[in-house]
There are 2 protein chains.
Amino acid sequence: MTSTTAGTVRLPAGFRASGVTAGLKASGTPDLALVVNDGPEHHAAAVFTTNRVEAAPVTWSRQVVADGRVDAVVLNSGGANACTGGQGFLDTHRTAEHVAEVLGLSAGDVVVCSTGLIGELLPMDKIVSGVDAAAAALSSEGHEDAAVAIKTTDTVHKVASHAGAGWSVSGMAKGAGMLAPALATMLVVVTTDAVVDREDLDAALGAATTVSFDRIDSDACMSTNDTVVVLASGASGVSVDRAALTEALTDVCSDLARQLIADAEGAAHDIAIEVIGAASVDDALEVGRAVARNNLFKCAIFGNDPNWGRVLAAVGTTRAAFDAAALDVSMNGVAVCRSGGVGEDRSLVDLTEREVHVLVDLHAGPEAATIWTNDLTHDYVHENSAYST
Amino acid sequence: MTSTTAGTVRLPAGFRASGVTAGLKASGTPDLALVVNDGPEHHAAAVFTTNRVEAAPVTWSRQVVADGRVDAVVLNSGGANACTGGQGFLDTHRTAEHVAEVLGLSAGDVVVCSTGLIGELLPMDKIVSGVDAAAAALSSEGHEDAAVAIKTTDTVHKVASHAGAGWSVSGMAKGAGMLAPALATMLVVVTTDAVVDREDLDAALGAATTVSFDRIDSDACMSTNDTVVVLASGASGVSVDRAALTEALTDVCSDLARQLIADAEGAAHDIAIEVIGAASVDDALEVGRAVARNNLFKCAIFGNDPNWGRVLAAVGTTRAAFDAAALDVSMNGVAVCRSGGVGEDRSLVDLTEREVHVLVDLHAGPEAATIWTNDLTHDYVHENSAYST
């Protein structure tokens, strides 16, 4: 039941993967990955962006996953294939067809994920030759190579794992944000050799993403391409029930989510907004998200400025149950706001460490939730002001 | 029916104003203003922040305005008196009492507005002596002095006027954002010498703010202190009906709103998000606001990068009626996205001017609305990362 860190994660039994340079990225770094489930089982579940402007590969992959079977996932960086009209969908279809042809599969069992700039058609000749190269490079040792090939602005690749008794779960992720709503594009492939019921897999993935990727909110921007897909090969021969599967997927997804926040574009602080005393989990989430999305608060944290008034101003925009005269706020353990008014001296708050903890007590009930976000920095503005040019 | 620019706006008949240095701001610049209505009429209406964490002066002033009569407005920069508990409310009450005593009014007819850092008590000795000095300085020529004294991070003071036949409207504003929701604190005092019905004044102010301050959204952050108050002296002797009053107040409020956007903290571009083809005005506003609040889009504009995919990704987060395959987007006149896909070459878009026009056609109906916002810049991060320290 342990999570491991980047650089040491292998594929579970029954999987092969690879990452190659197809030439999609000007940087010349790896940009096309394959993950193949060799079975004996081919169960799958997925969660996609809720953005109504969804990329062609999302539209395609929803259909692929609908029957619960996925044999392979092909992922490319260097282009999102979003807002690309009918041609974009044909290109996704052709990518899946080519993967199927090379690997002897059905195109209807191939998930396609793309990430990069919106509004540009993919160079299909490079995709096709890249798929050929990736298929030739497939290996049970290929987890790291695939994780590297799906990076865009990521400074490090992200992997995580969970070890059960005779079975395991591995995961790879790219992105600097969250799912539904989401920032930049988040792509996640989780693999397990457990023998699972397909409905359990679906339920476990939903439960895991709800408390992991859904609770990170780097900059409130929802992508057109976000995809989290889990594949189960059954190759371990070990049957795993819904509870254990949920625990394992939550472990891996939470680990990956924290890695996404830690590598968010231009961020200097990782900020946990913990909301307690809420009348409902939804209230706690609404308050946490309101604080996480407040640009003035995010700039203050960048400046190591414990400007707690901005926390209260953000809380005040929500519909959550609370009495403004009862609100308590602590920053890194200092109770700067008590009963909606001035508490301990704000100058006692030390914000020099990367991790920041903001605790909001609504005093309105027993529920709680934590949203992870980042500060708003010069580097965030810089990285995002010159992305497509 | 003309609007005028800063530096040339005088008070309507029946008003006196002043602005003095009370010593609230470390900078030593003017920080306390008075606006007094000498009548013969004393009609008033106001709109306040919808933030549930509201500052003491907002709580007080709501009560003052409830009966439709206001004799004076006292405004201070250098401290918001928000999240200051029972003592903060007592301080606001004492400020109103002192103004009333010095001017021979009832405290219940004195509106109080404060702006500055949240979570600090005001230095009441300086407020009291500042009120004394401001009362002594009251003058029918004091409009500019008052407008200067309410500045915080504003680089220029903001005034506007509207001339009717024998009557006029003048306005002053501070802030770098919007009302409900709002950024920084927006304070606005509008004065007119028209003879008006009190209900007409209330309706006209509501109509004017709905299409002016409510449609600017610099950074989506709603303040605890936002107040827009209008005072009518009747001193011109000219009766004005609701329609003419609405037109005049809309003229002045729209002028001030644009000045707020033009002076928004650290902004390098003023961006009009015009949404057309909407099924309803609410849909158009939701779409406009979603684009205006998308940090990735705002960074792109700062970088003169016509990254229209970020516009579509923002539109896709809304509940507005539209078909993603029908969306058209133009940037500064270049149709970069047609029918949800690639349109004209994005490199044709010139974003070097301060004003930027983004046109989104939802192709879902006859309604339209425009939201004004700003880009997200290094200077915004800088100014807001070191505000309270």
Side-chain angles (χ1 to χ4, degrees), chain A residues 51-54 80 82-88 117-121 181 183-184 219-224 293-296 299-300 302-303 305-310 312-318 322 324-325 327 336-337 339-342 346 376-378 380-382 384-389, chain B residues 51-54 80 82-88 117-121 181 183-184 219-224 293-296 299-300 302-303 305-310 312-318 322 324-325 327 336-337 339-342 346 376-378 380-382 384-389:
Chain A
N51 198 308
R52 292 169 60 200
V53 176
E54 69 178 24
C83 304
T84 44
Q87 186 61 49
L117 185 62
I118 296 175
E120 304 277 355
L121 290 168
L183 154 150
D219 73 352
C221 294
M222 189 196 295
S223 154
T224 52
R293 293 177 175 185
N294 187 282
N295 279 352
L296 294 174
C299 285
F302 168 57
D305 175 4
N307 194 333
W308 58 267
R310 292 176 178 174
L312 265 75
V315 174
T317 65
T318 70
F322 67 82
L327 295 171
V336 285
C337 171
S339 303
V342 184
R346 67 177 79 202
L376 182 53
T377 70
H378 291 295
Y380 176 89
V381 173
H382 178 72
N384 289 301
S385 63
Y387 183 67
S388 79
T389 50
Chain B
N51 198 308
R52 291 169 61 200
V53 176
E54 68 178 25
C83 304
T84 44
Q87 185 61 48
L117 184 62
I118 296 174
E120 304 277 356
L121 290 169
L183 156 150
D219 73 352
C221 294
M222 187 196 296
S223 155
T224 52
R293 294 178 175 185
N294 187 282
N295 279 353
L296 293 173
C299 285
F302 168 57
D305 175 5
N307 194 335
W308 58 267
R310 292 176 178 174
L312 266 76
V315 174
T317 65
T318 70
F322 68 82
L327 295 171
V336 285
C337 171
S339 303
V342 184
R346 68 177 77 201
L376 182 52
T377 70
H378 291 295
Y380 175 88
V381 173
H382 178 72
N384 290 300
S385 62
Y387 182 65
S388 77
T389 51

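Only a predicted model underlies this, so the values are computations on that prediction, with no experimental measurement involved. Throughout, protein chains are lettered first and strands after them, A, B, ... in sequence-line order, and every chain is numbered starting at 1.
- Inter-residue side-chain proximity for A/N307 and B/L117 is flagged as met; some heavy-atom pair is nearer than 4.5 Å.
- Counting heavy-atom pairs closer than 4.5 Å to chain B, the top residue among A/A313, A/G341, A/A324 is A/A313.
- Atom CD1 in A/I118 sits 10.5 Å away from atom SG in B/C337 (nearest 0.5 Å).
- Comparing B/G340, B/G88, B/G85, B/C83 by heavy-atom pairs within less than 4.5 Å of chain A, the highest count is held by B/C83.
- Ranked by heavy-atom pairs under 4.5 Å with chain A, the first of B/G316, B/G309, B/S339 is B/G316.
- Contact annotation: the side chain of A/R52 approaches that of B/T318 to within less than 4.5 Å [non-hydrogen atoms, C-beta and beyond].
- Between B/Y380 and A/N295 there is a side-chain heavy-atom pair separated by less than 4.5 Å.
- Considering every non-hydrogen atom in both B/N51 and A/L312, the closest pair reads OD1-O, 4.4 Å.
- No other option in B/L327, B/T377, B/T84 has as many heavy-atom pairs under 4.5 Å with chain A as B/T377.
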